[in-house]
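See below for the structure under consideration.
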Amino acid sequence: MKYIPTYDLMESARNTNQWLGATARAMGAYPAMAMLANPGMELLKAWGEVTERSFARMVAKPDWGIPTVSGPDGKDHLVKVETLVRRPFGDLIRFTTPGRASPGRRVLLVAPMSGHYATLLRKTVISLLPDCDVHVTDWHNARDIPVSAGKFDVEDYTKYVVEFMRHLGPDLHVIAVCQPVPLTLAATAMLAEDDPEAQPRSLTLIGGPVDPDAAATDVTDFGSRVTMGQLEHSMIQRVGFKYKGVGREVYPGLLQLASFIAMNAATHAQAFTDQIFRAANGLSADHDKHNQFYDEYLAVMDMTAEFYLSTVERVFKAREIGRNAFTVDGRAIDIGKITSVAVKVVEGEKDDISAPGQCLAALGLLTGLPESKKAAHLEPGAGHYGIFAGSSWRNNIRPLVLEFIDANSAPAQTATDAAPESAAKPEAAKSEVAKPEVAESEVAKPEAAKAEATKSEATKPEVAESKAARPEAAKPETSKPEAAKTETAKPEVARPAAVRARGRGGRATRRTKG
């Protein structure tokens, strides 16, 4: 199968079906056909319309099509796509809204590379934009990447995610959807070892196969039954002469689409049959529910052969992530090294691709992470698509994710952007803490203020000693919990922040239902 004519033959079959649909649509729309009082011509025209549109979408990358976003000023702001990092196999993009102040929450959506474009997360992006500064990993179609760009496997994918997270900085919250969940977990573990300061604040894992054996599905059963030799022989092809990646070995998107449709063949067949009758009755539209879904679902991209094969062999068969035995460039990656990144797992009760339990296994691997920084949510009645783009996501999961992000954000994110030295000023303390009692307790100690008038930092050792030597001055502070919040650099601040995160994030052993 690894021959260029094979790839071109498959593309020719797709092109032929598109041409047949266009021909049938044109014949049915011919004015002379109106003389025939036969509904068959209207059905032929409708069949051609649905068929042409379906096969044409298979080779076109959809536009993001993000609508305007309303800001706190009550105005609608246009959304632009900005590329921050360009790489051969994928870019890091950001959705900017000129004229609108940043929402504060900085989110990186790690999109799946499983046959669909990153635009599969369009609804997820739209739902997050009003409240977050959204970034997305935009993976490229392998057929458009020259062979000279080299290979791209699961290890390269992991290093790309590490690079993107390091570029965005530590004040970041990462959401991984489906396929990239285990590799994003490994990328975070790499940062925990190599560059702890660059780790994100939180990590939300949605419906990914961390341990495929935790709950068997048709996908995991297929990976267990088929040998790597069979996969390489039957699924891998070389890109044809029509594209820039001519000669590159890929797993074609059309084959992946055929696998997707085969899993629910009866449902898809009924959906297209109903759409044909709607089109014949004049009830279809360019942006109706059917076309909105299938315009995205049918748009597929090729994956590099090494990425597809290494995913099956290492993630599904060998369970390297599930056994905490994953390596990058010969180096062992220990997920237990993650000790400060809050992790939340989201699963769908009726997910037939990553069944409940596969993603939850991630919490068991985080042996170095406190239980207070672990959380899990099982969405009742939700399938795979619904947990990140459907009504279950919008109404139940999204609010929980935003709450989890807020609970594990840095204190500076929720306060005004003030200089560190302003913490010693009563005015700065009032704006950050908004507790009048704290400011009054500081003003009520003139002798302490005079003794420390020459020092700009309230966190210096001399200040601590002077306060320890004045039990009468320290008394009102210890009696008021708000006073501890003004000492921004003291360890006491981390304790209530952790308590708040613990109270809001939940524990891993308790699975909540929306």
Side-chain angles (χ1 to χ4, degrees), residues 59-66 80-96 106-122 124-125 128 133-169 172-188 190-191 198 200 203 205-206 208 239 243-245 248-253 256 296 299-312 314-315 321 326 328-329 388:
V59 292
K61 179 180 179 179
D63 294 329
W64 280 101
I66 306 295
K80 297 183 179 180
V81 180
E82 175 187 359
T83 302
L84 302 182
V85 179
R86 295 183 184 273
R87 292 293 179 265
F89 293 90
D91 299 335
L92 174 63
I93 63 175
R94 178 192 179 195
F95 295 90
T96 61
R106 300 176 67 246
V107 171
L108 170 62
L109 273 174
V110 184
M113 183 186 280
S114 56
H116 286 106
Y117 292 94
T119 52
L120 185 69
L121 302 181
R122 178 192 291 109
T124 314
V125 172
L128 290 174
D133 183 8
V134 182
H135 306 75
V136 178
T137 58
D138 190 19
W139 307 110
H140 298 166
N141 195 332
R143 73 184 181 200
D144 299 323
I145 305 172
V147 177
S148 58
K151 71 173 184 67
F152 186 82
D153 58 12
V154 290
E155 296 187 10
D156 299 302
Y157 188 108
T158 305
K159 289 187 284 188
Y160 266 51
V161 176
V162 169
E163 180 184 359
F164 293 159
M165 287 196 292
R166 184 179 278 118
H167 177 84
L168 293 176
L172 180 70
H173 301 274
V174 179
I175 301 176
V177 179
C178 190
Q179 170 267 324
V181 163
L183 301 181
T184 304
L185 191 64
T188 306
M190 286 184 65
L191 279 178
L203 183 60
L205 309 176
I206 301 179
V239 177
Y243 301 102
K244 294 180 180 179
R248 176 179 289 278
E249 292 188 353
V250 298
Y251 173 54
Q256 180 74 326
E296 186 65 56
V300 289
M301 57 181 283
D302 298 346
M303 290 178 276
T304 63
E306 55 270 19
F307 177 80
Y308 171 72
L309 295 175
S310 61
T311 298
V312 175
R314 301 180 62 176
V315 176
I321 302 292
F326 188 66
V328 175
D329 295 334
F388 64 88

- Message: If the threshold is 4.0 Å, N to carboxylate O, is there a salt bridge linking Asp138 and Lys61?
- Response: yes
- Task: Compare every heavy atom of Asn141 with every heavy atom of Val300, then report the nearest pair and how far apart it is.
- Result: O-ND2, 4.2 Å
- Task: Answer yes or no: is there an ion pair linking Glu249 with Lys151, defined by an N-O contact shorter than 4.0 Å?
- Result: no
- Message: What I want to check is whether the side chains of Thr119 and Glu296 have a donor and an acceptor closer together than 3.5 Å.
- Response: yes
- Query: Any donor and acceptor pair, going by atom type alone, linking the side chain of Thr304 with main-chain N or O of Phe152 inside 3.5 Å?
  - Reply: yes
- Tell me, with the steps shown, if Leu84 and His135 meet side chain to side chain contact (heavy atoms under 4.5 Å, CB included). CA-CA 9 Å; Leu84 302 182; His135 306 75; 3.6 Å; yes
- Item | Pro88 backbone acceptor or donor facing His140 side chain under 3.5 Å | yes
- Task: Using a 4.5 Å cut-off on heavy atoms from C-beta on, say whether the side chain of Val174 contacts that of Thr188.
- Result: no
- Query: Can you name the nearest heavy-atom pair linking Thr137 to Ala118, along with the distance?
  - Reply: O-CB, 3.5 Å
- Query: When rounded to the nearest 0.5 angstrom, what is the spacing between OH in Tyr160 and CG in Asp91?
  - Reply: 8.5 Å
- Task: Mind checking the CD1-NZ spacing from Ile66 to Lys80? Nearest 0.5 Å is all I need.
- Result: 15.0 Å
- Message: Are Val162 and Phe164 packed together at the side-chain level, in the sense that at least one heavy-atom pair is separated by less than 4.5 angstrom?
- Response: no
- Can you tell me if Arg248 uses its side chain to pair, donor with acceptor, with the backbone of Ile145 under 3.5 Å? yes
- Query: Judged by atom type as modelled, is there a donor-acceptor pair below 3.5 Å linking the side chain of Thr83 to the main-chain atoms of Ile93?
  - Reply: no
- Regarding Asp302 and Tyr243, is there a side-chain donor-to-acceptor distance under 3.5 Å anywhere? no
- Message: So does Tyr251 get a backbone contact from the side chain of Gln256, meaning a donor-acceptor N/O pair under 3.5 Å?
- Response: no
- Okay, side chain of Thr124, backbone of Phe388: is any donor-acceptor separation there less than 3.5 Å? yes
- Atom CG of Leu172 and atom CZ of Arg166: how far apart are they, to the nearest 0.5 Å? 13.0 Å
- Note on the structure: One should read off an interatomic distance between Thr184 OG1 and Leu205 CG, to the nearest 0.5 angstrom, of 7.5 Å
- Item | Close side-chain approach of Val250 and Arg143, heavy atoms under 4.5 Å | no
- Within a strict 4.5 Å, meaning less than it, do heavy atoms of the Phe89 and Asp156 side chains meet? no
- Answer yes or no: is there a side-chain heavy-atom contact under 4.5 Å between Val181 and Val177? no
- Item | Point-to-point distance, once rounded to the nearest 0.5 Å, from CD1 of Ile206 to CG of Leu109 | 8.0 Å
- Judged by atom type as modelled, is there a donor-acceptor pair below 3.5 Å linking the side chain of Arg87 to the main-chain atoms of Leu92? no
- Query: Which pair of heavy atoms, one from Ala111 and one from Val136, lies closest together, and at what distance?
  - Reply: CB-CG1, 4.3 Å
- At their closest point, which heavy atom of His116 faces which heavy atom of Ala299, and how far apart are they? CD2-O, 3.4 Å
- Message: Using 0.5 Å steps for rounding, measure from the SG atom of Cys178 to the CE atom of Met113.
- Response: 13.5 Å
- Query: Under 3.5 Å, side chain of Asp153 to main-chain N/O of Glu155, donor-acceptor pair present?
  - Reply: yes
- Message: Is the shortest side-chain heavy-atom distance between Val107 and Asp133 below 4.5 Å?
- Response: no
- Task: Quick one: do Phe326 and Thr158 satisfy side chain to side chain contact (heavy atoms under 4.5 Å, CB included)? Show the steps, please.
- Result: CA-CA 11 Å; Phe326 188 66; Thr158 305; 3.9 Å; yes
- Message: Can you give me the closest heavy-atom contact between Pro112 and Trp139, atom names plus distance?
- Response: O-CD1, 3.8 Å
- Message: Between the side chains of Lys159 and Asp329, is the shortest nitrogen-to-carboxylate-oxygen separation below 4.0 Å, so that they form an ion pair?
- Response: yes
- Looking only at non-hydrogen atoms, find the nearest pair between Gly245 and Val239 and report the distance. O-CB, 3.2 Å
- Does the Arg122 side chain pair with the main chain of Trp64, one donor and one acceptor, at a distance under 3.5 Å? yes
- Task: Could you check if a side-chain atom of Val110 sits within less than 4.5 angstrom of a side-chain atom of Val161, using non-hydrogen atoms only?
- Result: yes
